[in-house]
Amino acid sequence: MFKGAKSQERVSSILINGSLVIICLLWIIPVFGLLVSSFRDRFDIATSGWWTIFPHREWVKTAELDPKTLGVDPNSVMTIEGATGTFEEFRAGIEEDGVRVQWVGNKRLGKVEVQQMEWTTRAKLTTENYANVLTGKRYTFTDENGNEKEVQGDNLGGAFLNSIGVTIPATVIPILIAAFAAYGFAWMQFPGRRLFFITLIALLVVPLQISLVPILRDYTRLGLNGTYLAIWLAHTGFGLPLATYLLYNYVSQLPRDILESAFIDGASHFTVFTRLILPLSFPALASFAIFQFLWVWNDYLVALIFIGDNPALKLLTMRLVDVVGSRGNDWHLLTAAAFVTMILPMTVFLSMQRYFVRGLLAGSVKG
Amino acid sequence: MNTTQDNSQAGLSFFETAPGKLLVSLGGLIATIVFLVWGFGFLRAAEVPLYVMTPFAILWGVGGIAMLYTFGNMFIEQMPQVITARVQPYLFVGPAVLILFWYLAFPTIRTLWISAFSNAGGPPAAVWASPAEGGGWDNFSKEFSENFVGLDNYAQIFSGENNNMRIAFRNNLYWILFGASSSVIMGLLIAVLADRSKFENVAKAIVFLPMAISFVGAGVIWNFIYEYRPSGESQIGLANAILTLFGAEPTTFAQNVGLPWGLNNIFLIIIVIWLQTGYAMVLFSSAIKGIPSELLEAARVDGANEVQIFFRIMIPVIWGTIITVTTTVVIFTLKVFDVVWVMTGGQFDTQVIGTQFYRESFTSGNSGTGSALAIILLLAVVPVMIYNLRDFSKRRTF
């Protein structure tokens, strides 16, 4: 009986851990494939899947023959290396006794390859893709046909700096304003307190699409379109309800007697706020900071509308969309570019996951 | 609370006396306002390189606002105590309230108003343009010069003739039906599995990781997975490689308009499931950990099996969390834009309200129709808004 229960436990443990492993693989493989691909050689990535970097069996060229020296006529039935067939059959590859003979290329310039099934990898890795997408300089490469080509780099390095320039102020400014407001709502009495806070709660879930057209009109009138100021203020505005709400929840839960004893000692609201509340609220400030950081960094819509086409101010997400548009099939560049946009938020996220989760649990959901 | 009461003591310098403080705070306030206005112009001009702009922006934004609060507070505290107590709260909440009204509250009304006008009309002119060109402060408050059409924009959106809109609404329904529900169910499943596994934290971190990835980045990741090569060529996209491995024909997935009922949308929806399941999982995981272990033990002693425990105990106990997560995920999927925009540009019958809104408002110049769509999005979240407000009014603090 006891033994039976134990083996049943083992079966369920295998089932649980097994299905979890499968789910985790499903979740990590997309990112892993991208990471691997971003380091692969441009020719390899265009002709084989990223998983071929792992050992696998495939036809490997053991000899290459020039059809001209063989003296065969591609327009009739040929016999090469013991295989007989038409040009079309050779193009597909003729297999005999574990050897495949394949015509690679066109009739006039092509070569004949003798191939054998072997264990192999296609693990030619390079950092060239990153060098090419990061700078805005022109670089040259040799394409599949042996021609030298010159291409403009994608200048993601510049866009990376732009994104930092947008994200830091757009994270810090709303926190400061929201912290003051949270304290005011939590610890001060004034006419309008309830009305303002109700407005704030109602605005929590308002989709930001509602603001885009009117704010764009204001910005046009104020001459703010296409400036960083426009986007900092926009993110401040859109982030404020959540920031204030989160910080209010935290600040209003702080023990009342700490504040009261400070007031009895003659401290003013301002002193209590700066000396006591701000340091005590660090966890809440941190969780909102991560939230807003990720939100602004990953944002595309707000940047698209308020920065628009100004090439000097493009952010990473916008640049990446441009790269998708202009180099839709150059996967060596696209994968590297995508990874450049992801590296900072992933680092921040993984190193500060604790605060992020805390923020989520406190109701960090943005409209 | 009044810091000025002891300033009659001897031995204090001028700046520590009441008039001194008043002077300092006034000077500081003026300096702050000059700095903020000047910085605004400097940043708007954007004539210096970004590595100068960014630190300056932080200094301007954070420093300027901190100065405003500090000197403003100093000034208020020099006033008679009655006035201080009256005015100080507005110093604390004022800036936030102003910004909220400018960026969210008024725009809601303005968008509603714009949605009642026909579409024609160019962008407004800058304030300093001549009034004849539509500039000047007199024109500032005008939203447009178009014709009032009442509810026509809405009627046009919902009329059967507008096939684009009909498909967009159908797709949004798919997004909510398949996307939101799958995220919630997967999140719950993974939370339960992880709770009993030995590598809980690693598993949760992996599923959670896509939350840090932008929609645009995720679009590239999945475009690569869905990459199509004609039959016979070696497939470099994982999805088609798997398909061809089982002898099926390669397909273009999200761009495949040949699928019945617009099922190509599913391949876009998968991306968002991948992105937001982590959110659901984290919330469920913490809710599951909050279930009292005695409750589970008692059920086990009574002979309940794990499936029964899951449906009869866990689900009812965490029901509140399930509702919260579902609402959030539904709101999120309702507004989906970036993924569709990057993957298909809203073509191949994959348009949603979010992409139609963008197209109408910002590329076709139909701000009337665009605003009507924004209002429709808003109406969809009104029940949540009402719930939040009712929940709030139950609290004793207000």
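A, B, ... follow the sequence lines: proteins, then strands. Residue 1 opens every chain.
- Looking only at side-chain heavy atoms (C-beta outward), A:Gln209 and B:Thr111 stay at 4.5 Å or farther from each other.
- Of the two parts of B:Pro210, only the side chain, counted from C-beta on, holds a non-hydrogen atom closer than 4.5 Å to a non-hydrogen atom of chain A.
- B:Met74 does not touch chain A: none of its heavy atoms, backbone or side chain, sits under 4.5 Å away.
- A distance below 6.0 Å separates the ring centres of A:Phe273 and B:Phe92.
- Between chain A and the residues B:Glu227, B:Arg86, B:Arg196, the most heavy-atom pairs under 4.5 angstrom are made by B:Glu227.
- Taking the six-membered ring where the residue is Trp, A:Phe180 and B:Tyr69 present parallel rings, their angle staying beneath 30° rather than reaching 60°.
- Taking chain A as the reference chain and counting heavy-atom pairs below 4.5 Å, the highest number among B:Val207, B:Thr70, B:Ile65, B:Val382 is found for B:Val207.
- Taking all atoms of both residues into account, the shortest heavy-atom contact from A:Phe349 to B:Leu209 is CE2-CA, 3.8 Å.
- For the pair A:Leu224/B:Phe40, a side-chain contact is recorded, criterion being any heavy-atom separation below 4.5 Å from C-beta on.
- Proximity to chain A (any heavy atom under 4.5 Å) is shown, for B:Thr108, by both the backbone and the side chain.
- Counting only distance, with no hydrogens or angles, the side chain of A:Asn298 and the backbone of B:Ala212 share a donor-acceptor pair below 3.5 Å.
- No donor-acceptor pair under 3.5 Å is formed between the side chain of A:Ser211 and the backbone N or O of B:Pro107.
- In this pair, A:Phe197 and B:Phe392 present their aromatic rings tilted. The plane angle is within the 30 to 60° band.
- Of the residues considered (A:Ile28, A:Thr341, A:Ile215), A:Ile215 shows the highest number of contacts with chain B, using heavy-atom pairs under 4.5 Å.
- At a 4.5 Å heavy-atom cutoff, the contact between A:Val213 and chain B is made by backbone and side-chain atoms alike.
- With a 4.5 angstrom heavy-atom cutoff, B:Asp391 does not touch chain A via any of its atoms.
- In this structure, the portion of B:Tyr358 lying under 4.5 Å from any heavy atom of chain A is its side chain and not its backbone.
- For chain B, no part of A:Phe339 is nearby; none of its heavy atoms comes within less than 4.5 Å.
- Taking the six-membered ring where the residue is Trp, B:Phe224 and A:Trp331 present tilted rings, their angle falling between 30° and 60°.
- For the 3.5 Å distance criterion, the side chains of B:Glu306 and A:Ser12 fail to qualify, holding no donor opposite an acceptor.
- Here the side chains of A:Ile23 and B:Leu189 are in contact, with some heavy-atom distance below 4.5 Å.
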From CA spacing to verdict: side-chain contact (heavy atoms from CB on, under 4.5 Å), B:Ile221, A:Met342
CA-CA 11 Å; B:Ile221 292 178; A:Met342 286 157 47; 4.0 Å; yes
